[in-house]
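Notes follow the structure.
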Amino acid sequence: MALSIYNSLAREKQIFEPVRPGRVHMYVCGPTVYNDAHLGHGKTYVNFDIIVRYLRYLGFQVLYVQNITDVGHILDSGEDRILKGAQREQMQPMQLVEHYTRRYFADMDRLNVLRPDISPRATGHIPEMLEWIQRLIDGGHAYVADGSVYFDVSSWESYGKLSGRRLEEAQTGTRVQLADDKRAPEDFALWRKAEPEHIMRWNSPWGVGYPGWHIECTVMSTKYLGQPFDIHGGGVENKFPHHESEIAQAEAAHGEGYARYWVHNGMLMIRGEEMHKSLGNFISLEAAFERWDPMAIRFFILQSHYRGPLDLTEESLDAAARGLERLYGTVRAVRRQLESAPAGEASPETLQMLDTARNAFEASMDDDFGTPGAIAALFDLSRATNVQLGTGLTQGDLMAIDGAFKRLAGDVLGVLPDELGESDAPELSRGLIELLIETRRNLRAARAFDLADQVRDGLGALGVQLQDGPEGTSWTIG
RNA sequence: GGCGACGUAGCCAAGUGGAUAAGGCAGGGGUCUGCAAAACCCCCAUCAUCGGUUCGAACCCGAUCGUCGCCUCCA
């Protein structure tokens, strides 16, 4: 079955066909690094991480570019987030940017988000932006006004094709409240004249200034991925005006065909509302990690479809964490049993079971990266495996099952660490736990259940859970 | 006001025209166990409301109610 992707530009799912056979060039709008990353960033970059991972699983050679926005952007209010952040933290702008860039990557690492192949910074591409803007001016799609340069939206007929938004002619004749040199309110800035107090500034043919918000993505994606490239991703809230403007300025300079597939992911909600500092429901990833395992957060994100909104509550995250633990339980049991299993090849039944799971997993992923269905396939495999576990599986069987989990839950979904639980514990702890388990076994044999339970409860209070099975007692740290 | 998305069990969340509406969490009943946990088995929804289209709709169309997003920076 072929991979299909929902293309925002076409408003429908389409069979994915890369520009270059076997290769995928993909760009995703990155963060503005002026503050700590929050759960919303987590959702977005986990969503796109899955796309990259699955494309690689399918055998594509993926080149993944995600920018770092380190230029303060023009706000009509005159504020600039990076400058504000720098003032707040008593840092130079570039120092602030460096600080938060590092923290961003550290957070993403914990969520097991693979790093992009290229993380270009806006400030490193000013010359390319100047060139691009000049090309737009030369082509009659941009104009200079008092040291600033604006894209002339009226010069580009297909403006609005992504967002389905038509320009409101009603405003054209009215007086623009904002002190602007724009000819039309919908025109957007490519280059902005710097006020004297603006620290981040560069020389340009039009005077000292700084780049507009949309131009960096167009310039950097094209520079590293060519034009056209395959996939351009970002949050839905960027569809307009950001992505719409990107398309216009890209195609006005280089002709139709900027990015083939536009992929937008849904927002993360906190108890039904968008996360906002002003709403008091802002949760940084760092804070979330104190309460939940990063893997559980990742798993929670993947249990809903990337395109939909995801409503987060404490209960729903707790529920996801318990579900993930169920999957881990199976993998642990498989690995434990491997230590004492008889040699032998994987049986046809086992291979059949894995085939079924893999087919269901791929069918769901092929349908616009349906991670919820893929996870359901893993739960089905988990149950089937648990049933088989008591039937004398061979080393071949167990290795095949473990391999499937590693591939699907580990490589593709990224929710299965290489090591689970027990082996993480320091050697001394492991020795002590084993010793206590042995003692408890003797107590039980002597039918001294009170003392045996005391040992179990005591370990439980320390976070060590015991499970009695037909082949002895196993333990996990949770 | 304009554009758009959504409303599926106690909760989270798939499914978007066809035979019993995925999966997880929680809950109930069992099996196993000294007990517990884990695991396994069984049970738990007619898809916001109303009206259409169709042999057939949660899935298509219309209306209504409700929630949310974008239209200004935002992942």
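Order of the sequence lines sets the chain letters (A, B, ...), proteins ahead of strands, with each chain counted from 1. Quick caveat: nothing in here was measured; it's all calculated off a predicted structure.
No N or O donor and acceptor, one from the side chain of A/Arg307 and one from the base of B/rC6, sit under 3.5 Å apart. At a cut-off of 3.5 angstrom, counting only N and O atoms as typed in the model, there is a donor on one side and an acceptor on the other between the side-chain of A/Asp468 and the base of B/rC35. Contact of A/Asp453 with B/rG34 (side chain to base): a donor-acceptor pair of N or O atoms is detected under 3.5 Å. Checked by distance alone, A/His305 brings no side-chain donor or acceptor within 3.5 Å of a matching partner on the base of B/rA13.
Closest approach to the A/His41 side chain among B/rC41, B/rA75, B/rA13 is made by B/rA75 (side chain taken as heavy atoms from C-beta onward). Which of B/rC12, B/rC40, B/rC71 sits closest to the side chain of A/Asn386 comes down to B/rC40. Minimum atom distance to the side chain of A/Asp380 is reached by B/rG23, of the listed B/rA75, B/rA26, B/rG23. With distances taken from any side-chain atom of A/Arg322 to the nucleotides B/rA22, B/rG34, B/rA26, the minimum falls on B/rA26. Checked against B/rC35, B/rA75, B/rG24, the side chain of A/Arg456 finds its nearest nucleotide in B/rC35. Side-chain proximity of A/Pro372 to B/rC71, B/rA13, B/rG23: nearest is B/rA13.
In this entry the distance linking CG of A/Leu312 with P of B/rG24 reads 21 Å, nearest Å. A straight line from CZ of A/Arg440 to P of B/rU33 spans 15 Å, rounded to a whole angstrom. Atom CG in A/Asn238 sits roughly 15 Å away from atom P in B/rG69 (whole-Å rounding). One can place CD of A/Glu325 at 15 Å from P of B/rG24, the figure rounded to the nearest angstrom.
For the P atoms, the distance from B/rG17 to B/rG7 is 15 Å, rounded to whole Å. Nucleotides B/rG28 and B/rC68 are separated by 35 Å at their C1' atoms, to the nearest Å. Separation of the P atoms belonging to B/rC55 and B/rA39 is 49 Å when rounded to the nearest angstrom. As rounded to the nearest Å, B/rA45 and B/rU8 have C1' atoms that lie 8 Å from one another.
Look at A/Arg332 and you won't find any side-chain N or O under 4.0 angstrom from OP1 or OP2 of B/rA38. Contact between the side-chain N/O atoms of A/Arg326 and the OP1/OP2 oxygens of B/rC40 is found at a separation under 4.0 Å. Between A/Arg444 and B/rA36 there is no side-chain N or O to OP1 or OP2 distance below 4.0 Å.
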Start with the C-alpha distance between A/Leu354 and A/Ile401, add both sets of side-chain angles, then the distance that settles side chain to side chain contact (heavy atoms under 4.5 Å, CB included), and finish with yes or no. CA-CA 7 Å; A/Leu354 295 177; A/Ile401 294 168; 4.2 Å; yes
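Of all nucleotides present, only B/rG30 satisfies the Watson-Crick or G-U wobble test against B/rC40, with each distance under 3.5 Å. Under the Watson-Crick or G-U wobble criterion, with both distances below 3.5 Å, B/rG69 is paired with B/rC3. Nucleotide B/rA22 has no partner under the Watson-Crick or G-U criteria, as no pair reaches both atom distances under 3.5 Å.
Using a 4.0 Å heavy-atom distance criterion, A/Thr44 is classed as a base contact.
A/His38 approaches A/Ile283 most closely through the heavy-atom pair CB-O, 3.2 Å. A/Val263 and A/Tyr6 get closest at one heavy-atom pair: CG2-O, 4.3 Å.
Each of A/Asp311 and A/Asp450 was matched to the nucleotide of RNA chain B holding its nearest heavy atom; the match closer to the 5' end belongs to A/Asp311. For the pair A/Leu324 and A/Ser304, both in contact range of RNA chain B, the more 5′-proximal nearest nucleotide belongs to A/Ser304.
In this structure, A/Tyr104 has its ring center closer than 6.0 angstrom to the ring center of A/Tyr45.
Without hydrogens or angle criteria, A/Ser148 side chain to A/Lys193 main chain gives a donor-acceptor distance under 3.5 Å. When atom types are taken as modelled, the side chain of A/Asp230 and the backbone of A/Met26 share no donor-acceptor pair closer than 3.5 angstrom.
With centroids closer than 5.5 Å and planes inclined by less than 30 degrees as the test, A/Phe449 and the base of B/rG34 pass as a stacked pair.
For the residue pair A/Asn67/A/Glu216, the side-chain donor-acceptor check at 3.5 Å is satisfied.
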